[in-house]
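Notes follow once the structure below has been shown.
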Amino acid sequence: MPQPAATEPIVELPASEGMHVSGIVFASRELLGDEPGDVFDQVRAVATLPGIVEASYAMPDAHVGYGFPIGGVAATDITEGGVVSPGGVGFDISCGVRLMAAPVALGELHGDQLGRLLDALAALVPHGTGPGGLWKLQRRDLKRLLVEGAELTVAEGHGTEADLARIEDGGRLEGARADVVGKRALERGQSQLGSLGGGNHFLEVQVVDEVIDPERAAAFGLGEDQVVATVHCGSRGLGHQVCSDAIKQLQPAMDRAGITVPDPQLACAPVDSPEGRDYLAGMAAAANFARANRQLIGEAIRDAFEDVLGTRDVRLVYDVNHNMAARERHTVDGRDRELCVHRKGATLALPADSPQLPDDLRPHGQPVIVPGSMGTSSWVLAGDTGRAFASTCHGAGRQRSRAQARKRIHGNTLRDQLTGQGLEVRAKSAAGLAEEAPDAYKDVDEVVRVCEQVGLSRRVARLRPLGVVKG
DNA sequence: ATGTAC
């Protein structure tokens with residue numbers, strides 16, 4: 001029997017005061033917490049953007065971010081003056097998650113193999129802030145990579161053609177231009193290609209703890225007790241610099257177009273304007289950098305498994321990003337329209353039968369990988385109804401600021417706690433570890449439960465962490 | 001997220 005509407009975990013914010021559409025927040029009371037006002041205000045502010053259609057959405061893990069909520073989804077109609085806003089993409093352009101599955105069951109790991117695997121991963125994968133990357137390349141090769149993405153990485157011997165079919169857009173986002181990426185962005189990227197970074201970025205070794213949907217799990221190449229590796233990282237300093245540069249450059253365009261927004265952090269430009277086009281071309285370049293970055297780290301993961309367990313047959317299950325604006329066609333108000341869909345801390349979750357999916361995944365819907373907080377579960381989901389422009393959550397969602405988290409626990413205490421739970425921890429910065437304490441995050445199990453209840457995505461399998469490498 | 005401020 002369907003649930004009565006009043007108990008559905010959905011909050012509607014009616015259009016008012018300059019809002020072109022209403023706000024729709026998919027969240028239970030538990031996820032909203034005691035003070036949801038700030039994130040509601042951001043959802044309402046996004047609804048004032050020129051050309052926005054359908055609704056200003058927030059996913060179940062939403063929390064306050066720069067201008068847009070992290071967990072925000074907003075689409076504008078490109079042919080009707082719709083805008084693109086860097087704040088709707090985020091500073092870490094095309095930050096995302098990659099899941100790789102090893103041909104190894106947990107029971108087959110013996111002695112100190114898990115610890116040695118974590119040692120090998122920590123030694124092979126550059127992690128932490130600042131420079132250091134797996135692939136040192138010339139400036140002209142970096143510029144090529146910004147256009148070709150993971151395709152170039154594979155062409156240069158880092159991975160296989162089969163990998164590309166498991167990356168969004170085949171690993172290469174069209175429309176990227178290197179000439180709009182500034183000198184500082186290029187400098188920062190050149191020394192960081194193939195690196196994890198800091199903050200909430202991590203590399204985990206996990207085990208498939210529970211299979212919820214055996215048919216989809218099998219189609220994704222996942223079985224109970226299987227050992228897997230998850231990588232969460234993005235476009236490092238390059239994407240950050242592209243975003244910062246764009247925010248500065250957009251203000252004149254806004255003045256010229258007479259666009260006013262309720263918050264300077266919502267700086268934007270019509271998609272169909274020189275500034276809008278340049279931002280999207282630079283954003284695509286940073287997205288290609290992020291895809292190549294995760295591809296290189298994926299190869300290093302294979303190297304580590306080969307060193308310790310004698311196999312590099314570690315398959316790429318899927319690589320998703322959760323910080324981008326994409327040109328997509330969707331039906332809105334009965335019309336097929338060309339939209340610019342911002343997903344910031346939100347993941348594309350294509351439903352079954354979507355033409356963009358590779359043949360073998362098409363009947364099942366797009367795989368979505370949702371990292372939990374440290375020491376807690378991560379989830380594999382699949383696209384379901386295509387609601388909210390085919391979007392779903394991206395993680396547990398922060399509920400306490402980094403500063404608040406640091407006050408509550410020292411990094412070394414947390415490391416001892418996690419180690420006491422049997423987790424292998426390889427962390428570069430104690431302060432960084434404390435900022436990512438599990439209680440700084442919402443309950444990821446509740447986040448994915450709500451996603452499933454409202455039709456954003458369905459649960460496929462739950463992953464339990466065995467060891468973590470953190471910057 | 002981030003050479004955690006230019």
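Residue numbers start from 1 in every chain, and the chains themselves are labelled A, B, ... in the order their sequence lines are given, proteins ahead of strands.
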Notebook entry, point to check: Expressed in angstrom and rounded to an integer, what is the separation of A/D92 atom CG from B/dT4 atom P?
Noted result: 15 Å

Note to self: Can you measure A/R402 atom CZ to B/dT4 atom C1' for me and round it to whole angstrom units?
What the structure shows: 9 Å

Item checked: Atom pair CZ (A/F26) and CG (A/D61), whose distance is rounded to the nearest 0.5 Å -> 12.0 Å

Notebook entry, point to check: Whole Å only: how far is the CD atom of A/E187 from the P atom of B/dT2?
Noted result: 18 Å

Checklist line | Nearest-Å distance for atom pair CD1/C1', residues A/I247 and B/dC6 | finding: 16 Å

Check: Given atom CZ of A/R184 and atom P of B/dC6, what is their separation to the nearest angstrom?
Finding: 7 Å

Check: With a 4.0 Å cut-off on heavy atoms, is A/G198 in touch with a base, just the backbone sugar-phosphate, or nothing at all?
Finding: sugar-phosphate

Next item on the list: Would you mind classifying the nucleic acid contact of A/G234 as base, sugar-phosphate or nothing, using non-hydrogen atoms under 4.0 angstrom?
Entry: nothing

Item checked: Value in whole Å for how far the C1' atom of B/dT2 lies from NZ of A/K470 -> 14 Å

Next item on the list: Return yes if some donor-acceptor pair links the side-chain N/O of A/R464 with the main-chain N/O of A/S377 below 3.5 Å, else return no.
Entry: no

Notebook entry, point to check: Between B/dT4 atom P and A/H201 atom NE2, what is the distance in whole Å?
Noted result: 16 Å

Check: Across the strands shown, which category fits A/Q192 at heavy-atom distances under 4.0 angstrom: base, sugar-phosphate, nothing?
Finding: sugar-phosphate

Margin query: Is it the case that the ring center of A/H232 lies less than 6.0 angstrom away from the ring center of A/H322?
Written below: yes

Next item on the list: Identify whether any heavy atom of A/R236 sits under 4.0 Å from a base atom; if not, whether one sits that close to sugar-phosphate; answer base, sugar-phosphate or nothing.
Entry: sugar-phosphate

Check: Looking at the rings of A/F91 and A/Y66, which for Trp means the six-membered one, are their centres under 6.0 Å apart?
Finding: yes

Next item on the list: Would you kindly give the CG-to-P distance between A/D245 and B/dT2, to the nearest whole Å?
Entry: 16 Å

Next item on the list: Name the residue closer to the 5' end of DNA chain B, choosing between A/R398 and A/E435 according to the nucleotide with the nearest heavy atom.
Entry: A/R398

